[in-house]
Structures are given as C-alpha cells and as structure tokens.
Amino acid sequence: PEERSSSHGPASVLIPIRGPIGLDATLEETAIIADGIRTALETAKRSKVEHVVLEIDSVGGTFEAAAEIAEVMAELGESVTYHALIRRAA
C-alpha cells in the first residue's frame with residue numbers, strides 16, 4: 001500500500017486490488033481474497049489512516065468473496081472513508 005501523510009499520520013493509503021476477486025480453480029491468476037484485504041485494512045487502521053483508496057483492476061469474481069470483503073470493510077466502521085478507483089471492470 002502507498003501512504004500519503006499528514007501531521008497526524010498517514011491521511012490516505014492506496015490499496016491495489018488486481019486480479020479476480022475470490023478463489024476459482026479455473027483461473028490462472030492470483031485471486032484477491034478477504035484475508036489479504038483484511039491485513040491491508042488492519043495496517044491502515046493501526047496507522048490511523050483517514051481515507052482508504054481501493055485501486056481496482058479486476059475482471060470480476062465471486063459474489064461470496066465480494067461479500068466477505070464488504071464485511072471486512074464494515075468492521076472498520078466509521079474510522080475510515082473508502083474511495084474506489086476503477087481501472088478495469090468486468
């Protein structure tokens with residue numbers, strides 16, 4: 001993740017999300033899963049980041065994996081603001 005700082009800590013962090021969302025045995029690419037997103041967001045929370053920018057370059061994925069990622073994001077509550085930058089969508 002790429003951080004942008006302010007006087008109180010990083011003001012924002014860019015989290016790249018590249019590849020299919022969720023695991024699929026037929027896909028040859030590395031898949032994005034909720035655990036990886038959780039790790040990045042927990043690091044952002046510990047660093048007192050105010051804004052998380054998700055840079056998404058994905059052909060799509062499974063509903064279940066997307067729902068898990070949404071749950072992980074909701075766990076941070078109102079401590080951060082999310083922004084999405086869509087590079088490629090299905």
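Computed from a prediction, not measured in an experiment: that's the story for all the values here.
- Within the 4.5 Å cutoff, no side-chain heavy atoms of Arg87 are placed close to those of Arg18.
- Within the structure, the salt bridge (charged side-chain N to carboxylate O under 4.0 Å, His left out) test picks out the following pairs touching residues 63-75 (sequence neighbours left out): Arg38-Glu75.
- Summarising the geometry, atom NE2 belonging to His83 is positioned 8.0 Å from atom OG belonging to Ser12; distances are rounded to the nearest 0.5 Å.
- Nearest heavy atom pair, residue Thr62 against residue Gly22, reads OG1-CA, 4.0 Å.
- Counting heavy atoms from C-beta on, the side chains of Leu41 and Val72 come closer than 4.5 Å.
- Not one N or O on the side chain of Ser47 forms a donor-acceptor pair closer than 3.5 Å with the backbone of Val49.
- With sequence neighbours excluded, the residues forming a side-chain contact (heavy atoms from CB on, under 4.5 Å) with Ala84 are Ile56, Ile86, listed by chain and number.
- Judged purely by atom type and a 3.5 angstrom limit, Tyr82 uses its side chain to pair as donor or acceptor with the backbone of Met73.
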(message) For a side chain to side chain contact (heavy atoms under 4.5 Å, CB included) check, start with the C-alpha distance between Val53 and Ile15, then their side-chain angles and the critical distance, and finish with the verdict.
(response) CA-CA 6 Å; Val53 179; Ile15 298 175; over 6 Å; no
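- The line from CD1 of Ile17 to CD1 of Ile69 is 6.0 Å long, rounded to the nearest 0.5 Å.
- Judged by distance alone, the side chain of Thr81 and the main-chain N or O of His51 form no donor-acceptor pair under 3.5 Å.
- The OG atom of Ser79 sits 5.0 Å away from the NZ atom of Lys45 when rounded to the nearest 0.5 Å.
- Pairing each heavy atom of Pro20 with each of Ser58, the nearest pair is CA-OG, 3.9 Å.
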